[in-house]
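As structure tokens, the structure follows; a few thoughts come after it.
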There are 2 protein chains.
Amino acid sequence: MNFQQLRFVREAVRRSFNLTEVAAALYATQPGVSRAIKELEDELGVELFVRRGKRLVGLTEPGRALIDVVDRMLTDAQNLRRIADQFSGDDAGGLILATTHTQARYALPPVIKQFKGRYPRVHLGLHQGSPQQIAEMVSKGQADIGISTEALDTFADLLTYPCYIWHHAVIVPTGHPLVDFGMLTLDAIAEYPIVTYDEAFTGRSHIDAAFLRAGLAPDVVLTAIDADVIKTYVEVGLGIGIVASMAYDPARDQSLELLDSRHLFEPNTTRLGVRKGSFLRGYMMEFIRLFAPGLGADDLASLAEPRAA
Amino acid sequence: MNFQQLRFVREAVRRSFNLTEVAAALYATQPGVSRAIKELEDELGVELFVRRGKRLVGLTEPGRALIDVVDRMLTDAQNLRRIADQFSGDDAGGLILATTHTQARYALPPVIKQFKGRYPRVHLGLHQGSPQQIAEMVSKGQADIGISTEALDTFADLLTYPCYIWHHAVIVPTGHPLVDFGMLTLDAIAEYPIVTYDEAFTGRSHIDAAFLRAGLAPDVVLTAIDADVIKTYVEVGLGIGIVASMAYDPARDQSLELLDSRHLFEPNTTRLGVRKGSFLRGYMMEFIRLFAPGLGADDLASLAEPRAA
DNA sequence: TATCCTTACGGAATTCGTAAGCATG
DNA sequence: CATGCTTACGAATTCCGTAAGGATA
């Protein structure tokens with residue numbers, strides 16, 4: 001048994017059993033992967049993969065039983081390296097964030113700037129995706145920290161923590177009738193075509209819930225995954241927008257106006273998630289501390305000892 | 001990084017950093033061990049061991065931080081093999097019990113007989129030791145199941161379960177004055193020299209506690225770790241014995257008499273312990289079921305999924 | 001001086017890639 | 001017929017043991 005074999009097995013599961021892809025992903029050749037997997041199966045005395053003809057199509061029952069252990073072993077191998085790097089003292093390393101456009105565009109820039117100042121030698125990777133994809137990336141160890149307002153709790157092997165609370169706001173073109181409406185109401189908003197986030201993005205569920213509670217069926221004419229796109233279409237006059245208030249920049253968005261809507265929609269909590277069992281290097285903890293200053297010392301401690309948590 | 005290196009590191013810690021011993025224990029040569037460890041340290045970029053001159057004398061701080069992960073990885077490697085064996089279906093394998101003389105001699109024989117009947121191809125190993133040694137053997141993975149009345153909870157990484165309850169009894173040579181004494185008292189016993197178990201063995205603490213509570217200081221003239229030795233010396237007339245009642249066999253021990261003492265000493269609970277995180281093969285579970293029939297289905301389930309527990 | 005680790009060298013074993021072959025959708 | 005796995009062969013690498021050397025209790 002060796003680590004290469006385990007890596008191949010894990011990757012085969014991730015890449016839906018296409019060994020050619022596995023080989024490409026892990027810088028090996030396909031016959032090498034094929035053989036390594038077979039050798040592991042021989043050594044263990046069970047077939048891990050179901051073969052249809054010559055192709056692999058799934059995990060056998062023993063395969064399913066073993067894959068979690070394999071996963072943990074490889075995570076531990078990574079932990080070993082990380083802990084060692086931690087002690088070797090240099091601040092070099094990698095930090096891969098998985099996050100939505102909203103966070104990447106509006107919430108993260110100041111934090112990342114500060115972080116980079118303190119850890120200039122850490123290579124930062126920013127992976128964007130849907131909340132589900134984010135949760136999956138962290139859960140699979142492809143990202144170190146996931147940041148999102150939704151769905152982070154859909155994977156059991158994530159530890160998540162609240163970071164900050166934000167609100168939705170309505171944006172309208174300057175001169176729009178709603179500007180002088182006074183205290184906004186859902187009814188008033190529902191009179192106009194609406195441009196907002198895609199389902200499952202950036203608190204969209206709270207928007208829907210508010211209208212549903214009020215018995216309203218607003219006309220959502222366009223959805224997008226990011227506020228920049230939404231603002232663009234609001235500027236063009238397609239309708240009024242509902243976005244995260246932090247997406248509005250008075251200096252840049254002079255053709256738009258922000259209307260306070262805190263009283264209309266449930267507040268949203270952006271959460272951060274890390275994979276259970278993954279060791280977090282010192283600078284990762286520091287990043288979390290920067291991004292979620294509200295996290296208590298005990299929360300951070302539980303992150304540092306993920307096995308005990 | 002490879003498993004051989006990890007094994008060497010783990011064994012080095014266990015063998016108090018004597019690499020020559022490590023090599024002997026793992027069927028390798030000392031230079032090989034030396035080199036493998038150094039290569040791992042190079043790869044990780046930290047020294048795991050403190051060297052005084054050319055000798056290894058302890059773990060460095062990073063070494064201490066890493067050793068637990070190394071341990072877990074090797075346990076997982078073993079789990080992998082066990083789970084695979086489990087599925088490959090054959091009932092061959094090994095089961096190493098760590099236990100005291102008392103259990104091995106009096107409690108285990110019928111269970112082992114039954115077990116062997118059902119799993120003739122499982123190789124049984126019986127390691128004897130003090131309760132502390134037993135706990136250690138299980139904790140280090142040198143034994144699969146530890147059985148003892150004491151000390152099993154001194155290691156945090158053991159899961160323990162009660163198996164059965166037993167009592168101490170007084171044994172005397174036939175014709176001894178105490179035979180006709182009627183209901184025994186601690187005072188009456190304390191009149192005679194006593195032969196019983198060593199400290200830390202077979203419920204000895206309960207014996208001491210009873211006398212202490214009664215304000216008595218009995219004359220313990222000889223201690224031994226097993227009832228066979230104790231009985232021998234009682235037969236010779238060295239004193240009266242206090243042993244586990246199951247150690248008395250009316251047929252074999254015709255020169256001795258057993259005096260009921262259930263009312264004098266706290267009852268003892270023999271416990272069974274397994275290592276957290278170790279996968280238990282089907283026949284191991286079956287052994288536990290045979291030895292501790294009182295264990296509930298949920299207890300057994302929690303044993304089957306040690307990581308979740 | 002015995003114990004214990006290191007270094008140096010050489011052979012054995014393992015690993016891995018290339019090339020060719022074959023089954024399947 | 002393109003995709004994807006297997007087999008065969010050979011080269012490169014890694015692994016590991018023997019032998020000799022040096023430091024320490």
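The sequence lines fix the lettering, A, B, ..., with proteins before strands; numbering per chain opens at 1.
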Can you tell me the distance, in whole Å, between the [atom1] atom of [X] and the [atom2] atom of [N]?
X: A:Phe3; N: C:dT14; atom1: CZ; atom2: P; value: 19 Å
X: B:Gln30; N: D:dT18; atom1: CD; atom2: C1'; value: 12 Å
X: A:Arg51; N: C:dG25; atom1: CZ; atom2: C1'; value: 19 Å
X: A:Phe49; N: D:dG4; atom1: CZ; atom2: C1'; value: 15 Å
X: A:Met1; N: C:dT15; atom1: CE; atom2: P; value: 13 Å

Residues passing the side-chain contact (heavy atoms from CB on, under 4.5 Å) test with B:Ser16, sequence neighbours excluded, are none
What pairs with A:Lys140 under side-chain contact (heavy atoms from CB on, under 4.5 Å), at least two apart in sequence or on another chain?
A:Arg14, A:Glu136, A:Gln142
For [X], give me all partners under ring pair (Phe, Tyr, Trp, His ring centres under 6.0 Å), at least two apart in sequence or on another chain.
X: B:Phe155; value: none
X: B:Tyr119; value: B:Phe115
X: A:Phe87; value: none

Would you list the protein and nucleotides 21-25 of chain D atom pairs, both N or O, that sit under 3.5 Å from each other?
| residue | atom | partner | partner atom | Å |
| --- | --- | --- | --- | --- |
| D:dT24 | O2 | B:Arg55 | NH2 | 3.0 |

Could you verify whether a donor N or O on one side chain and an acceptor N or O on the other, from B:Thr100 and B:Arg105, lie under 3.5 Å apart?
no
side-chain hydrogen bond (donor to acceptor under 3.5 Å, both in side chains) with A:Arg15: which residues, sequence neighbours excluded?
A:Glu11
For B:Gln78, all residues meeting side-chain hydrogen bond (donor to acceptor under 3.5 Å, both in side chains), sequence neighbours excluded
none
Output every pair passing ring-ring contact (aromatic ring centres under 6.0 Å, His included) with a member in residues 3-47 of chain B, not counting sequence neighbours, ordered by first then second residue.
A:Phe3-B:Phe3, B:Phe17-B:Phe49
Strictly by ring-ring contact (aromatic ring centres under 6.0 Å, His included), give each pair with a member in residues 124-143 of chain A just once, sequence neighbours left out.
none
Would you sort out whether B:Asp76 and B:Arg82 count as a salt bridge (Lys or Arg N to Asp or Glu O under 4.0 Å), showing the intermediate values?
CA-CA 10 Å; B:Asp76 271 341; B:Arg82 283 191 181 175; over 6 Å; no
Can you pull every protein N or O that's under 3.5 Å from an N or O on nucleotides 13-16 of chain D?
| residue | atom | partner | partner atom | Å |
| --- | --- | --- | --- | --- |
| D:dC15 | OP1 | B:Asn2 | ND2 | 3.3 |
| D:dC16 | N4 | B:Arg35 | NH1 | 2.9 |

Less than 4.0 angstrom between a side-chain N/O of A:Thr20 and OP1 or OP2 of D:dC5, yes or no?
yes
DNA chain D-proximal residues of residues 11-19 of chain A, any heavy atom under 4.0 Å:
A:Phe17, A:Asn18, A:Leu19
